[in-house]
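Note sheet for the following structure.
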There are 2 protein chains.
Amino acid sequence: MKESSPIQASKAPAIARAAAVLRLLGRSDTPLGLGAIARDVALNPSTCLYVLRALAEEELVAFDAATKRYTLEAGVLTLARGWLRQSAFAELVPASLDRLAPRFGVTMLGVQIVGLDHIIVVAAAQGGQNFQLSAEVGSRFPALISATGRCIAAFGAHDPDEIATRFAALRWDDPPGFARWQAEVEQVRERGYAVDDGNYIAGVTVLAAPVWKGAGAMTQGPGHALVAIGIGSALRRSGLDALGEALLIEARGLTRQMGG
Amino acid sequence: MKESSPIQASKAPAIARAAAVLRLLGRSDTPLGLGAIARDVALNPSTCLYVLRALAEEELVAFDAATKRYTLEAGVLTLARGWLRQSAFAELVPASLDRLAPRFGVTMLGVQIVGLDHIIVVAAAQGGQNFQLSAEVGSRFPALISATGRCIAAFGAHDPDEIATRFAALRWDDPPGFARWQAEVEQVRERGYAVDDGNYIAGVTVLAAPVWKGAGAMTQGPGHALVAIGIGSALRRSGLDALGEALLIEARGLTRQMGG
DNA sequence: CTCTTTCATTCAATATACAGAATACCATTC
DNA sequence: GAATGGTATTCTGTATATTGAATGAAAGAG
């Protein structure tokens, strides 16, 4: 039997339900009622009510008794603080971002790589005052997209078939063919950093360099990456190579600081 | 490390267990094994294992297969981002903090009031270069402590008995007597902002001013507060009143912007 | 290398969380 | 004021999540 039975396979389904509810509330722009929530996460209203009450008890969701609507509660911030506290990367990366962003006038991101599924923005710094290509902390992106994706493909020890499958599911503004993409990935292995020149978002150029986590963990692939984002025309004018090399230096410094 | 609070009966106990595990992992400085986690949250190892697996499936917990240790995963950041997105206060307050912190050389906090239980730091700004500020976001404090506590007591429509009970449980460096504290709370009602002069932390003065949430929600008490923290001697020299009045003005501005 | 200890994981019986129907609660509308 | 529609909430039998013991897999000591 193939392993693909993701729903109901767990021995603690209430947790998956709770996570789905939290994510829905995080996505929603307005407070939601029980009915709307139950419908969206495909739960029985009664079950959903108990989930919401338990989450409210933990102060992860807020309940407005007057309108009977639910929202995320600030308790989720406390969890995030706990993660930030213990993540060496999150602690160290802002300094690197603050160095590079003003120097090259780019938006800098520090991202965490979560498997082959996706990456999560951990920290950000704005370079130019005019064009703010803001990606907020906590945002998720598909793992293989853009420059970071080429990094993951180049340095992660992943199954080629798996990569091909996931590549096919990506959405680009201007998709590169798989063959050309693979050639670029090969180039990343030599050069050390990756470039996405308008493929992901038209007119926008993205660079990424890998940061490894623990000592000698390089065989398992990078756990993080530094990302630079800027307007393509401006970046090409000021020289991509200089930015790429600066990314590499900072990324190597971070790897070293984290015990490499 | 101290034991977590006991898990209470609910119709979805797995959620309370999950929250306890997440909080424990957030508190811990090092990755933890199954045994340590199960012991701390008072769970059967087998049950705890299923909880951890479900949390890992949701990418709220990271599992290191080599060491069999668990950590918080970056997914908690995504939840926090959802909360920040939909909180008008979190969106607006940084501007206020950034205005006041350098002007008075104080550490500024924006806090969210969660019932009578506690407050959560939502945003922070440094005046001097003394401490790291970003680490503070997400911290929890008892609701009635320090200057914020006097605000909540003054403007929240809470049961006096409940307040007295909770007051008795607080820990101060230099506890004010209940009678004197109540007199100060009365003063807060007239002046509009609260002062804690070395009671909570010796040598440190804290000021707080309330921010109400929705329009006409003042009857239910403030949902947020602006907090200023500084060295007592320095603050008294530069004048507490000026800082207090500035806090009030910013707090009123925020209340207005949030639909007051 | 073998024994001992510690920890993670599976297994099978049973206490209980869950789904669905039934009820209570509002807020509108007639 | 009565009725209606759309909610949220309680109630109850049953499938299943939880438990504690048994098994497996490492790590450390002798």
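A, B, ... follow the sequence lines: proteins, then strands. Residue 1 opens every chain.
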Sugar-phosphate or base contact per nucleotide [nucleotides 10-18 of chain C; S, B, -; heavy atom under 4.0 Å]:
BB-----SS
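Going from atom OH of A:Tyr70 over to atom P of D:dA8 covers 8 Å, rounded to whole Å. Counting to the nearest Å, the C1' atom of D:dG6 and the CZ atom of A:Arg69 are 11 Å from each other. Nucleotide D:dA26 holds its P atom 15 Å from the CG atom of B:Leu34, rounded to whole Å. To the nearest angstrom, C1' of C:dA8 lies 12 Å from CD1 of B:Ile37. Rounded to whole Å, atom C1' of C:dC7 lies 12 Å from atom CZ of B:Phe63.
A salt bridge links A:Glu58 with B:Arg23: the closest approach of a Lys/Arg side-chain nitrogen to an acidic carboxylate oxygen falls below 4.0 angstrom.
For B:Leu170, the side-chain contact (heavy atoms from CB on, under 4.5 Å) partners two or more places apart in sequence, or in a different chain, are B:Pro142, B:Leu144, B:Ile145, B:Phe167, B:Trp172. Every residue was checked against the salt bridge (charged side-chain N to carboxylate O under 4.0 Å, His left out) condition with A:Arg69, not counting sequence neighbours, and none meets it.
Side chain of A:Ser10 to backbone of A:Ala12: a donor-acceptor contact under 3.5 angstrom is found.
Between the CZ atom in B:Arg39 and the CG atom in B:Leu32 there is a gap of 10.0 Å [rounded to 0.5 Å].
In this structure, the side chains of A:Val137 and B:Arg81 stay at 4.5 Å or more apart for every pair of heavy atoms.
With the nearest nucleotide of DNA chain D identified for both A:Gly33 and B:Lys68, A:Gly33 has the one nearer the 5' end.
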